[in-house]
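For clarity, every value in this text was computed on a predicted model and none was experimentally measured. Naming convention: chains lettered A, B, ... in sequence-line order (proteins, then strands); numbering from 1 in each chain.
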Amino acid sequence: MSDELLKIDNLVKSFDGNTILDGVSLSVKKSEVVVIIGPSGCGKSTLLRCINALEPIQSGSITLDGEVIERNSKTLPALRQRIGMVFQSYDLFPHLSVLDNIVLAPCKVQKRNRDEAKQEAMALLERVGLSEKAKSYPRELSGGQKQRVAIVRALCMHPEILLFDEVTAALDPEMVREVLDVMLDLAKQGRTMLIVTHEMQFARAIADRIIFLDNGKIVEEAKPDEFFDNPKTERAKQFLNMFEFDSVKARDGLDK
Amino acid sequence: MPDLVTELGIDVLFKGTNFLRLLGGLWSALSISLIAVAISIPLGIIMGVLMTSKSRIIKAILRVYLEIIRIMPQLVLLFLMFFGTTRAFGWDISGETASIIVFALWGTAEMGDLVRGALISIPKHQYESSEALGMTSAQTYLYIIIPQTVRRLIPLSINLITRMIKTTSLVLMIGVVEVLKVAQQIIEANRMTSPNVAFGIYLTVFVLYFLACWPISLLAKYLEKKWS
Amino acid sequence: MDGEVIMSYLPLYGEAALLTVKLGVIGIVFAIIVGLFCSMIQYYKVPVVRRIVSVYIEISRNTPLLVQLFFIFYGLPRLGIPTDAETCGIAGLAFLGGSYMAEAFRSGLESVDKIQTESAYSLGMNRLQTMRYVILPQAMSVSIPAFVANVIFLLKETSVFSAISLMDLMFTAKDLMGMDHNTVECLFLLVSFYLLILLPISIVGTVVERRMRRAGFGN
């Protein structure tokens with residue numbers, strides 16, 4: 001068996017006649033961190049949603065460790081347990097406390113012992129600095145805290161791969177860092193991760209490989225340093241230029 | 001097919017003026033609700049505006065009125081009006097009059113609450129921003145508040161009309177001759193010749209009420225969607 | 001008002017009130033079952049059945065209970081569906097209330113954000129687990145005010161049961177008025193007994209609604 005954990009082969013997804021993903025092929029190895037970047041509407045979030053079979057696909061295949069991920073298949077819930085996902089909007093269950101949010105699926109889906117699950121949840125909360133919030137309800141947390149809990153909730157299912165869908169995009173700027181730090185920590189532990197983000201500095205720091213997606217196609221695929229310093233395609237250059245604010249100010253300074 | 005029609009007692013409808021009589025009965029019920037609606041709407045608007053007034057006493061009185069009307073089944077209110085007033089005040093009012101009074105009292109209360117709800121649903125910043133634009137309070141109401149209130153109000157008031165129509169079926173119980181009463185009379189007269197007449201005639205009444213209410217609820221739903 | 005007359009009528013009214021409550025409660029339980037079933041069908045957009053459910057809801061909401069009862073009680077037996085008055089009353093209340101409950105539950109279900117379903121699915125929950133642990137608890141709390149309003153509405157609607165000769169409060173009042181002409185006492189007891197049944201629920205409803213409005217979960 002190869003060390004390819006997730007394999008996407010020639011994935012095509014369209015909606016209302018618009019092609020959103022146009023023949024995307026991609027694989028993620030064990031312990032690899034892959035970051036997908038690209039302009040809004042390029043299909044990167046849709047790609048993650050397809051991996052978790054939240055969206056129907058038109059052709060191509062997605063496999064996790066050789067098992068096909070398919071909508072409406074009997075094995076889907078079991079496969080989804082092996083894939084952790086964190087969304088952009090706060091997706092915590094508002095009627096459950098932080099701790100219950102985390103242990104709900106381990107107890108009800110994996111039928112694990114409640115005390116054991118709670119112990120693990122507390123240890124994970126401790127690790128993201130939120131152990132004192134265990135009894136709080138989601139509405140009492142800040143955006144950054146909610147996202148950290150959402151990450152812990154995904155981790156507690158012992159997933160083999162984690163999908164992050166722009167998890168900091170809805171956060172106030174001062175809360176972005178605390179969430180990204182948790183993700184960096186996960187990368188250090190050797191977790192397999194597939195991340196969609198707009199945080200370029202972070203992408204560079206965390207990624208083993210960058211995928212640049214535009215108009216539903218993979219335009220460029222490279223090591224982070226290579227991609228950010230020396231993008232090969234015109235599209236990637238244009239895209240990266242959009243994040244260049246500092247140079248303008250520096251030039252202003254020189255003009256003086 | 002004609003066998004089935006006879007079997008179900010639907011043929012009785014086409015004997016003599018039976019169907020017209022049923023329609024006439026429906027009209028008696030409908031006209032009671034229409035008169036009551038015509039009285040309730042203006043009174044309800046006044047009541048709703050008063051319910052948002054600053055006076056605590058007025059508010060409390062209207063609230064109590066609303067709650068009393070609301071908690072009692074309409075049939076109990078009809079009994080009170082029809083049997084109670086005769087006894088207590090010596091009035092001898094007809095079933096129709098009693099029904100119209102009760103439905104108008106009830107409609108005013110419900111309409112008042114709808115108006116109150118629509119008025120307080122307008123966010124405070126709507127008042128503030130029109131004041132900030134230099135509008136007088138009359139202008140604020142005329143151009144900003146009333147148009148928004150009306151849009152919220154119309155679908156709900158239309159719904160109130162269907163509720164009113166459905167509730168008029170109760171007037172049978174205080175002896176008003178309306179569609180159910182006519183139905184009973186027709187069934188009584190044809191029981192011997194057409195044993196299943198009860199099925200056909202009551203089915204017809206059922207359908208008639210549905211046809212009276214359904215278009216009105218569709219309109220309310222349509223307006224609600226359009227204006228939301 | 002004559003105290004002795006009132007005392008002598010009390011047992012009759014008590015019995016009638018019990019019948020009203022009994023039929024009301026059973027009818028409402030069935031209405032809840034019908035409503036849950038219909039709202040689930042609509043929520044999951046089950047093909048064909050969904051159309052039938054919306055036709056039922058339109059019919060049920062646009063006809064008066066009294067007319068529904070007359071049809072069930074006097075009409076249906078002609079087709080060889082024999083029904084006693086109590087069953088009819090319960091069936092009528094369930095037929096009417098089912099659609100009102102369905103609307104209350106549906107608006108609750110629809111108020112739960114789609115992301116909740118998605119995150120439950122992504123944690124490996126199946127449809128049933130997602131509905132039971134994630135959607136329903138949130139939907140229920142949104143539906144509660146409409147639900148309580150429906151319960152009160154349906155209990156009030158039972159007042160037409162006397163038309164199919166069930167000896168409920170209305171029947172008893174009318175019967176006694178006709179016999180003894182103690183109109184004032186009869187009406188006084190009628191109002192008092194309805195208040196006895198409806199006031200507590202109405203107060204509970206107001207309290208619950210206020211609490212719901214004040215805060216969501218976690219307060």
Seminar exercise, completed: Between Val109(A) and Gly124(C), the two heavy atoms sitting closest are CG1-O, 3.5 Å

Problem set entry | Leading residue by heavy atom contact count with chain C [cutoff under 4.5 Å; candidates Arg80(A), Arg153(A), Met157(A)] | Arg80(A)

Exercise. Could you give the distance from NE2 (His95(A)) to CD (Gln138(C)), rounded to the nearest 0.5 Å?
Worked result: 5.0 Å

Exercise. Is it true that a side-chain atom of Gln81(A) and a backbone atom of Leu123(C) form a donor plus acceptor pair closer than 3.5 Å?
Worked result: no

Problem set entry | Over 12 foreign heavy atoms within 6.0 Å of CZ, Phe30(C) | no

Exercise. Is the shortest heavy-atom distance from the side chain of Tyr121(C) to the side chain of Leu54(A) under 4.5 Å?
Worked result: yes

Problem set entry | Reported CG-to-OG distance for the pair Leu48(A) and Ser122(C), which is rounded to 0.5 angstrom | 11.0 Å

For this session: Calculate, to the nearest 0.5 Å, the distance between atoms CG and CE belonging to Leu104(A) and Met125(C) respectively.
Result: 3.5 Å

Problem set entry | Heavy atoms from other residues, nucleotides or ligands near CZ of Arg71(A) exceed 12 (cutoff 6.0 Å) | yes

For this session: Counting only heavy atoms closer than 4.5 Å, note whether Gln116(C) contacts chain A via side chain, backbone, both or neither.
Result: both

Exercise. Checking heavy atoms, do the side chain of Leu79(A), its backbone, both or neither come under 4.5 Å from chain C?
Worked result: neither

Exercise. What part of Phe87(A) is in contact with chain C, defined as an atom under 4.5 angstrom from a non-hydrogen atom: side chain, backbone, both or neither?
Worked result: side chain

Exercise. Within a reach of under 6.0 Å around CD of Glu116(A), are more than 12 heavy atoms found that belong to other residues, nucleotides or ligands?
Worked result: yes

For this session: Decide if atom CZ of Phe15(A) counts as having more than 12 heavy atoms of other residues, nucleotides or ligands within a radius under 6.0 Å.
Result: no

Problem set entry | Over 12 non-hydrogen atoms of neighbours within 6.0 angstrom of OH in Tyr43(C) | yes

For this session: Taking atom OH of Tyr56(C) as the centre, report whether more than 12 heavy atoms of other residues, nucleotides or ligands fall under 6.0 Å from it.
Result: yes

Problem set entry | Region of Asp91(A) in contact with chain C, defined by heavy-atom distances below 4.5 Å | both

Problem set entry | Atom CD of Gln119(A): over 12 foreign heavy atoms under 6.0 Å | no

Exercise. Chain C heavy atoms under 4.5 Å from Arg82(A): which part of the residue, side chain, backbone, both or neither?
Worked result: neither

For this session: Mind checking the CD-CE spacing from Glu118(C) to Met85(A)? Nearest 0.5 Å is all I need.
Result: 7.5 Å

Problem set entry | Approximate separation, where rounding is to 0.5 Å, of Thr130(C) OG1 and Phe93(A) CZ | 7.5 Å

Seminar exercise, completed: Checking heavy-atom separations under 4.5 Å from chain C, one finds in residues 162-175 of chain A none

